[in-house]
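One structure is given here, and the rest of the page talks about it.
What you see below is based on every heavy atom in this structure, not just the backbone, and it leaves out hydrogens, waters and symmetry mates.
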Amino acid sequence: MNAQTPEMAEVPVNDHELLRQASATLGLGAPAPASLRLLDVLPAAEPTDWRLVAAALAPWLKQRRAQQQAPLVVGLAGGQGAGKSTLARLLVEALRALGLHAATLSLDDVYHTRAARAALAERIHPLLATRGVPGTHDLGLLWALFESLTADRIKLPLFDKGLDDRAPVDDWPTCTGPLDVLVFEGWCLGVQPQQEAELEAPMNALEAEEDADGHYRHYVNRSINDHYRPVWAHLDAWLFLAVPSFEAVRRWRGEQEQALLPERRMDPAQLDRFCAHYERLTRQLLRTAPAAATWTLRLNENHRVEFREDSAAPA
């Protein structure tokens, strides 16, 4: 114990070892003293994996923020049910504990309104009535939010999934600015367009039966290339949560559904159809994101992070 700092001595050995593994997996080297302190700050009732990741990553982000004038925009990607919202919230809490102004925004919160998606469905393809894929977001609203990060007070868009519509502006949360860090999470964040040949064969029954000519999937692909790639380029760094399989996404998304009021839940058939909209891009992300993301964390079937020590250090 004599070799430990007072800060380290206050942390149980097992927590210290887990934090070392998390830092190594992220390619961050030995845990910073601030990371050890954050384990005491972050609520013990929260998932251990996400507490460790938030505690390991927050000091690195603070250092990175000090190296640039503009607010830091940090992406967090992963399939539905991967735990993005929980990790984003804990990361913001850790950053605030380090004295930074931080907030989180979900890509889901800038979906087009229900009326706007109905118009897209009528004008382009009926499947665009369902929120989720690139092409169903209001990117003008998102870019306006990015531009507002240096304001003294910032209103964050909010989407009500139970009502399947954007919440009234008066209900949007407000945070104090200027922001130092925005944690921006989204299931398809970072996805890249596919080659034309990859779009020819339908991915599942939904595409085969409701997009036989491929018009929908080609539209989504063009949206990624023309409008979403500039958003991904705006990220200063991003973390990809690699789910074990698309089947796990379906299962975890079903668990999320159970948190809704009974009258707002989808039945199993509705949920299967809903998830089918996301299968193509989820599989695309699993193929391509690990090589492109700043960090990748792999989740096992039990929803736990596979901490390892062979990850490359971030650029």
Quick one: [atom1] on [X] to [atom2] on [Y], what's the gap to the nearest 0.5 Å?
X	Y	atom1	atom2	value
I224	H227	CD1	NE2	11.5 Å
H277	L206	NE2	CG	5.0 Å
L158	D108	CG	CG	11.0 Å
E279	D272	CD	CG	10.5 Å
L72	L100	CG	CG	9.0 Å
L239	T294	CG	OG1	8.5 Å

Can you pull the salt bridge (charged side-chain N to carboxylate O under 4.0 Å, His left out) pairs that have at least one residue in [range], sequence neighbours excluded?
range	value
residues 293-305	D49-R304, R251-E301
residues 65-77	R65-D180
residues 71-99	E46-R89
residues 226-248	E247-R283

Test item: [X] side-chain N/O and [Y] main-chain N/O as donor-acceptor pair under 3.5 Å:
X	Y	result
R131	Y111	no
T113	D165	no
D109	F159	yes
R222	P193	no
H112	R117	no

Worksheet item: What pairs meet the ring-ring contact (aromatic ring centres under 6.0 Å, His included) rule with one or both residues in residues 247-271, with sequence neighbours excluded?
Response: W252-H303
Least distance between heavy atoms, [X] atom then [Y] atom:
X	Y	result
W50	A82	CZ2-O, 3.4 Å
L36	H16	CD2-CD2, 3.8 Å
P59	A32	CB-CB, 4.2 Å
L299	P244	O-CD, 3.3 Å
S23	G29	CB-O, 3.2 Å
L90	P43	CD2-CD, 4.3 Å

Discussion item. One pair to check against side chain to side chain contact (heavy atoms under 4.5 Å, CB included): L182 and L145. What are the steps and the verdict?
Written reply: CA-CA 10 Å; L182 177 70; L145 183 278; 3.9 Å; yes
Non-hydrogen side-chain atoms of [X] and [Y] separated by less than 4.5 Å:
X	Y	value
R265	Q270	no
V191	Y228	no
T174	L156	no
V305	L52	no
L142	L139	yes
C275	F246	yes
W295	T25	no
Y278	V249	no

side-chain hydrogen bond (donor to acceptor under 3.5 Å, both in side chains) against [X], all qualifying residues, sequence neighbours excluded:
X	result
D138	R166
R114	none
R280	Q194, E207
H215	none

When clusters are formed by joining ILVMFWY residues with side-chain heavy atoms under 4.5 Å apart, either directly or through shared neighbours, do [X] and [Y] land in the same one?
X	Y	answer
L199	V220	no
L98	L28	no
L163	M266	no
M203	V243	no
L38	L95	no

Practice prompt. Assess the side chains of Q21 and E17: does a donor N or O sit below 3.5 Å from an acceptor N or O?
Written response: yes
Worksheet item: Q284 and R287: side-chain donor and acceptor closer than 3.5 Å?
Response: yes
Using the test side-chain contact (heavy atoms from CB on, under 4.5 Å), find all partners of [X] that sit at least two apart in sequence or belong to another chain.
X	answer
A151	I154
Q69	none
S85	E185

Worksheet entry | Full working for side chain to side chain contact (heavy atoms under 4.5 Å, CB included) between E198 and N221 | CA-CA 11 Å; E198 297 177 281; N221 205 55; over 6 Å; no
Discussion item. If you apply the rule side chain to side chain contact (heavy atoms under 4.5 Å, CB included), what do you find for E196 with H218, and how did you get there?
Written reply: CA-CA 8 Å; E196 288 295 309; H218 278 82; 3.1 Å; yes
Discussion item. Heavy-atom count check: over 12 atoms from other residues, nucleotides or ligands less than 6.0 Å from E306 CD?
Written reply: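 Atom CD in E306 is packed in, count exceeds 12.
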Discussion item. For Q195, is the CD atom crowded, meaning more than 12 foreign heavy atoms sit under 6.0 Å from it?
Written reply: no
Item to complete: Apply the test side chain to side chain contact (heavy atoms under 4.5 Å, CB included) to residues Y216 and E210: give CA-CA distance (whole Å), side-chain angles for both, the deciding distance (0.1 Å), then the verdict.
Response: CA-CA 9 Å; Y216 166 73; E210 301 185 46; over 6 Å; no
Fill in: Near-ring test Y219/H125, centroid separation under 6.0 angstrom
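Between H125 and Y219, the centre distance exceeds or equals 6.0 Å.
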